[in-house]
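Heads up, the thing below is written out as structure tokens.
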Amino acid sequence: MVKVRHLVFILGDQLSAAISSLDQADPALDVVLMCEVMEEATYVRHHPKKIAFIFSAMRHFADELRQRGFTVDYTVLNAPDNAGSFSGELERAIKRFDPEAVRITEPGEWRVLQMMEAWAETLHCPVDILPDKRFVCSRSEFVAWAKNRAQLRMEYFYRDMRRKTGLLMRGEEPEGGRWNFDAENRKPASPDLFAPKRQGVVPEVITREVIDLVGRRFKAHFGSLTNFDFAVTAADAKILLDSFVTHQLPTFGEQQDAMLSSDPFLSHSLLSFYINAGLLDPLDVCKRVEAAYLSGDVPLNSAEGFIRQIIGWREYIRGVYWLKMPDYRDVNFLKAERPLPDFYWTGETDMNCVHTVVSETRDNAYAHHIQRLMITGNFALLAGVRPQAVHEWYLEVYADAYEWVELPNVIGMSQFADGGFLGSKAYAAGGNYIHRMSDYCGTCRYDVKKKTGEGACPFNALYWDFLDRNVEKLKRNQRLGPVYATWGKMTEVQKNAYRQSAAAFLAKLDGAVRTY
Ligand code: FAD
Ligand code: DLZ
Ligand code: SF4
């Protein structure tokens, strides 16, 4: 047996050259451990594109470490002695190398942290769990920020992160005199025949091998593997970042909330996969965007809007996750108990908006923010689907999904299951909103202008029924005051028409009779 100093264990979303577990690593003394394991690929049945992305990126990262002189002990999924789990693989490696200690960066999921914290005792080896430095705000800093605040609000947190990073700051003042330029965003989009084609990466030999493996081993998982064009190295992810900054960032702000049948990506960056897995550093991405603004290539509303998503929302969401777990997973403020409808897996529904987003999700392992929030999320909220079922769906189907970022977005932001802890707003909307922000309604079997009865857009009645059903829990929500005032002015006949339409639709949903 070889004796090594540190066994540096690197997980599939820790693929950064600057990851803290490698900080003091010495190729002459330490060994790196990486493993592809069934437990991680199946604790929820991840989209095959996500699994292929992670395995291929892991294999490339291992090669890069070898080029830096490291010995990398890498277990591929099909290895005959693969133990199938992080704990099992670490146990085998400890037996092989007898390290003085294991070094590992804290994980992105509470579930994995529980595992890690047990290892020192169960595997009889010291385990150093190091902070993840790839965030602007550390876990302890967020706890300190949240302490003694009656309410947490992203906007105030974001301002602190702007001050901390100096991004888009003029001394103490925000660039342009305002912190937030969303008033200039939120525009609908129309098809642009001259829009630059979205750049992707053609799979090379390692990726092709992985696609083949994933295609054979994960047949039963939801999602298509065809047209895989993800970057799997930091260098290629950087090329995609540059391409985004040149071609899409200038219109990022104005198109942020738009949805278009002919374009699943619009001006979104498609960088979350790479940022979350470690191929791109979030702060570097923001600096690149700031530089494009400072050199006059992109407008401030786009640069600010983009940077806010990363140093604002992304950091805030992570802070809330670690502050509130493990109880956060089980909250259900609205006591929503309906199972997730089948069409989240098949896309077979006459609601064209839901059909489009589920189909794009199946094909791309991606949907942009407003599709996740205002179509699939909004429908589940209005229909009263159990938040934990919604959470599992989102964790399975998106290639950027890790629990730390997915769960608060779903449970808190989208399903309002925390009663307004993460954000004050319940993202509930009727058909009008979808009609204004997309072109989905034009080709839908339902009539978005019809409020109730046969052929009416289901979102219309579901919206009012949701508000009516939850009135005791939501009536004090300031942002819903005007909406409840409108409801209050309706006649009982109108109200009952909404209630009956919603009940008829939900009865079909529960009975799983088609034509929903
Ligand atoms: P862009 O629109 O180009 O935004 C730029 C970057 O900002 C993203 O790459 C991402 O890093 C960051 N960002 C934007 N919004 C958020 C947010 N709300 N939370 C955290 N980061 C954000 N994001 C994930 O990374 N993983 C998830 O599993 C995930 N699940 C979501 C579930 C729901 C219900 C909702 C409403 C949002 C979810 N998001 C999630 C946030 C957001 O939708 C995605 O980050 C975004 O769609 C990724 O695509 P993009 O890279 O093109 O983003
Ligand atoms: C998501 C994922 C998958 C599908 N497979 C692996 C794997 O085989 N090996 C690995 O190291 N990581 C994988 N991951 C990422 C982990 O699930 C992730 O590191 C933890 O959930 C902590 O965030
Ligand atoms: Fe969706 Fe209603 Fe529009 Fe159809 S009419 S696409 S169901 S919002």
Side-chain angles (χ1 to χ4, degrees), residues 9-14 34-44 46 50-51 53-55 58 75 77 86 89 106-109 111-113 154 244 248-249 252 256 265-277 280 282 285 305-310 312-318 349-356 366-377 379-380 390-391 394-395 397-411 413-415 427 429-435 438-450 456-460:
F9 192 0
I10 297 182
L11 308 184
D13 55 353
Q14 299 183 339
M34 296 179 72
C35 51
E36 296 168 7
V37 289
M38 275 312 260
E39 186 172 75
E40 290 309 303
T42 56
Y43 73 93
V44 295
H46 297 289
K50 176 182 185 182
I51 304 176
F53 162 61
I54 291 184
F55 286 3
M58 285 174 68
T75 311
L77 191 79
F86 284 155
E89 276 301 289
E106 63 186 347
E109 300 199 1
R111 167 188 68 89
V112 180
L113 184 62
M154 194 289 293
F244 161 71
Q248 284 88 25
L249 182 61
F252 177 84
Q256 216 176 334
F265 310 128
L266 288 159
S267 292
H268 291 276
S269 68
L270 276 71
L271 294 176
S272 51
F273 323 120
Y274 314 123
I275 299 174
N276 293 350
L280 289 176
V285 171
F306 185 86
I307 287 173
R308 172 156 31 93
Q309 304 313 312
I310 296 196
W313 277 113
R314 185 171 185 273
E315 295 280 335
Y316 178 75
I317 288 279
R318 177 190 187 240
T349 162
D350 287 340
M351 291 180 284
N352 189 37
C353 51
V354 178
H355 165 77
T356 305
Y366 176 86
H368 63 72
H369 185 70
I370 221 67
Q371 293 178 309
R372 296 186 206 197
L373 188 62
M374 299 313 293
I375 305 294
T376 39
F379 181 84
V390 186
H391 147 62
Y394 277 92
L395 189 56
V397 304
Y398 292 115
D400 56 19
Y402 302 88
E403 201 181 75
W404 69 265
V405 55
E406 171 276 330
L407 187 124
N409 267 305
V410 173
I411 295 278
M413 189 189 302
S414 163
Q415 300 302 296
Y427 286 93
N432 260 346
Y433 173 88
I434 298 171
H435 186 42
S438 79
D439 62 357
Y440 297 150
C441 304
T443 49
C444 184
R445 179 178 88 74
Y446 293 110
D447 181 354
V448 72
K449 300 279 179 209
K450 198 165 175 220
C457 166
F459 279 83
N460 291 334

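Since the model is a prediction, treat every value here as computed from it, not as a measurement. Start at 1 and go down the list; that is how both ligands and their atoms are numbered.
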Practice problem: May I ask which of V448, T349, I434 has a heavy atom nearer to atom 5 (S) of ligand 3 than the others do? | Solution: V448
Practice problem: Among all protein heavy atoms, pick out the one at the shortest distance from atom 23 (N) of ligand 1; state its residue, atom name and that distance to 0.1 Å. | Solution: V405 CG2, 3.7 Å
Exercise. Please determine if atom 2 (Fe) of ligand 3 has an N/O/S atom from C457 lying under 2.8 Å away.
Key: yes
Self-check item: Contact check, side chains of F244 and F252, non-hydrogen atoms, under 4.5 Å
Solution: yes
Practice problem: State whether the side chain of Q309 and the backbone N or O of R314 hold a donor-acceptor pair below 3.5 Å, judged by distance alone. | Solution: no
Self-check item: Taking atom 30 (N) of ligand 1 as the reference point, the nearest protein heavy atom with its distance
Solution: R372 NH1, 3.5 Å
Quiz item: Where do E403 and P408 come nearest, in terms of heavy atoms and distance?
Solution: O-CD, 3.7 Å
Self-check item: Polar atom proximity, L271 to ligand 1 (N or O, under 3.5 Å)
Solution: yes
Exercise. Among all protein heavy atoms, pick the one closest to atom 1 (Fe) of ligand 3 and tell me residue, atom and distance.
Key: C353 SG, 2.4 Å
Practice problem: Output yes when the distance from some N or O of ligand 1 to some N or O of Y402 is under 3.5 Å, and no in every other case. | Solution: no
Self-check item: For Y440, the ligand 3 atoms whose distance to one of its heavy atoms is below 4.0 Å
Solution: 6 (S)
Quiz item: Of all the heavy atoms in M58, does at least one lie under 4.0 Å from an atom in ligand 2?
Solution: yes
Self-check item: atom 53 (O) of ligand 1 - nearest protein heavy atom and its distance
Solution: S269 OG, 3.9 Å
Exercise. Compare every heavy atom of Q415 with every heavy atom of G377, then report the nearest pair and how far apart it is.
Key: O-NE2, 2.9 Å
Self-check item: Nearest non-hydrogen protein atom, atom 23 (O) of ligand 2
Solution: D13 OD2, 2.7 Å
Exercise. Number the atoms of ligand 2 from 1 as they appear, then name those within less than 4.0 Å of a heavy atom of C35, with their elements.
Key: 7 (C), 8 (O), 9 (N), 10 (C), 11 (O)
Quiz item: Counting N and O atoms only, with roles assigned by atom type, does the side chain of Y394 sit under 3.5 Å from a partner on the main chain of R372, one being a donor and the other an acceptor?
Solution: yes
Quiz prompt | Nitrogen or oxygen of E36 less than 3.5 angstrom from that of ligand 2 | solution = no
Quiz prompt | Any side-chain heavy-atom pair of H435 and K449 under 4.5 Å | solution = yes
Quiz item: Measuring from the heavy atoms of A367, does anything fall under 4.0 Å of ligand 1?
Solution: yes
Quiz prompt | Side chain, backbone, both or neither: the part of Y398 lying under 4.0 Å from ligand 1 by heavy atom | solution = neither
Quiz item: Can you check side chain to side chain contact (heavy atoms under 4.5 Å, CB included) on F273 and Y366, steps first, answer last?
Solution: CA-CA 9 Å; F273 323 120; Y366 176 86; 3.6 Å; yes
Quiz item: Can you check whether N409 reaches I317 side chain to side chain, under 4.5 Å on heavy atoms?
Solution: yes
Self-check item: Atoms of ligand 1, numbered as shown, that sit under 4.0 Å from any heavy atom of F252
Solution: 1 (P), 2 (O), 3 (O)
Quiz prompt | ligand 2 contact on R111 by region, counting heavy-atom pairs under 4.0 Å | solution = side chain
Exercise. Check whether any heavy atom of W404 sits under 4.0 Å from an atom of ligand 2.
Key: no
Quiz prompt | Heavy atom of the protein closest to atom 25 (O) of ligand 1 (residue, atom name, distance) | solution = N276 ND2, 2.8 Å
Exercise. Go through ligand 1 atom by atom and flag the ones less than 4.0 Å from a non-hydrogen atom of V410.
Key: 32 (C), 34 (C)
Quiz item: Of all the atoms in ligand 2, which lie at a distance below 4.0 Å from a heavy atom belonging to G108?
Solution: 22 (C), 23 (O)
Quiz item: What protein heavy atom sits nearest atom 18 (N) of ligand 1, and how far away is it?
Solution: N409 OD1, 3.0 Å
Practice problem: Determine, using ring centers only, whether Y440 and Y446 are less than 6.0 Å apart. | Solution: no
Self-check item: Contact check, F273 vs ligand 1, heavy-atom distance below 4.0 Å
Solution: no
Quiz item: Mind checking whether L11 has an N or O less than 3.5 Å away from an N or O of ligand 2?
Solution: no
Quiz prompt | atom 11 (O) of ligand 2: nearest protein contact (heavy atom, Å) | solution = G12 N, 2.9 Å
Self-check item: Ligand-residue contact atoms, ligand 1 with F306, heavy atoms, under 4.0 Å
Solution: 3 (O), 5 (C)
Self-check item: Mutual orientation of the aromatic rings belonging to W313 and Y316 [parallel < 30°, tilted 30-60°, perpendicular > 60°]
Solution: perpendicular
Exercise. Report yes if the side chains of V354 and F459 come closer than 4.5 Å at any heavy-atom pair, otherwise no.
Key: yes
Quiz item: Which bit of T376 is near ligand 1, meaning a heavy atom under 4.0 Å away: side chain, backbone, both or neither?
Solution: neither
Practice problem: Give a yes-or-no answer on whether the side chains of E109 and Y43 include a donor-acceptor pair shorter than 3.5 Å. | Solution: yes
Quiz prompt | E109, portion touching ligand 2 at heavy-atom distance under 4.0 Å | solution = both
Self-check item: Test: K50 and E406 ion pair at under 4.0 Å
Solution: no
Quiz prompt | Close-contact set for ligand 2 against I54 heavy atoms, below 4.0 Å | solution = 1 (C), 2 (C)
Quiz item: Is E40 reaching over with its side chain to a backbone N or O of E36, donor-acceptor style, under 3.5 angstrom?
Solution: no
Quiz item: Which of the atoms in ligand 2, numbered in the order shown and given with their element, are less than 4.0 Å from a heavy-atom of F86?
Solution: 9 (N), 10 (C), 11 (O), 12 (N)
Quiz prompt | N or O pair under 3.5 Å between L270 and ligand 1 | solution = yes
Self-check item: Residue, atom name and distance, where the atom is the protein heavy atom closest to atom 47 (O) of ligand 1
Solution: H369 N, 3.3 Å
Quiz item: Are any of the N/O atoms in V37 less than 3.5 Å from those in ligand 2?
Solution: yes
Quiz item: Any idea which atoms of ligand 3 are less than 4.0 Å away from a heavy-atom of M351?
Solution: 7 (S)
Quiz prompt | ligand 1-proximal atoms of Q256, by part, heavy-atom distance under 4.0 Å | solution = neither
Exercise. Under 4.0 Å from a heavy atom of I317: give me the atoms of ligand 1 that qualify, with their elements.
Key: 19 (N)
Quiz item: Is a side-chain donor or acceptor of Q371 paired with a backbone partner of H368 at a separation under 3.5 angstrom?
Solution: yes
Quiz item: Which is closest to atom 3 (C) of ligand 2 in terms of heavy atoms, E89, E40, Q14?
Solution: E40
Self-check item: atom 3 (Fe) of ligand 3: the protein heavy-atom neighbour that sits closest, reported with distance to 0.1 Å
Solution: C441 SG, 2.3 Å
Quiz prompt | Y366 near ligand 1 by a heavy-atom separation under 4.0 Å | solution = yes
Quiz item: Between the side chain of N460 and the main-chain N/O of G431, is any donor-acceptor distance below 3.5 Å?
Solution: yes
Exercise. Run the numbers for me: atoms of ligand 1, each under 4.0 Å from some heavy atom of Y394, listed by number.
Key: 32 (C), 34 (C)
Quiz item: Taking R318 for the side chain and W404 for the main chain, is one N or O donor matched with an acceptor at less than 3.5 Å?
Solution: no
Quiz prompt | Atom indices of ligand 3 within 4.0 angstrom of Y446 heavy atoms, with elements | solution = 5 (S)
Self-check item: Protein heavy atom at shortest distance from atom 13 (N) of ligand 1
Solution: Q309 O, 3.6 Å
Quiz prompt | Those atoms of ligand 2 less than 4.0 Å from some heavy atom in H46 | solution = 4 (C)
Exercise. Write out the residue and atom name of the closest protein heavy atom to atom 4 (Fe) of ligand 3, then the distance separating them to 0.1 Å.
Key: C444 SG, 2.3 Å
Self-check item: Nearest non-hydrogen protein atom, atom 27 (C) of ligand 1
Solution: D400 OD1, 3.4 Å
Practice problem: Using a strict 4.0 Å cut-off to heavy atoms of F55, name the atoms of ligand 2 that fall inside it. | Solution: 5 (N), 7 (C), 8 (O)
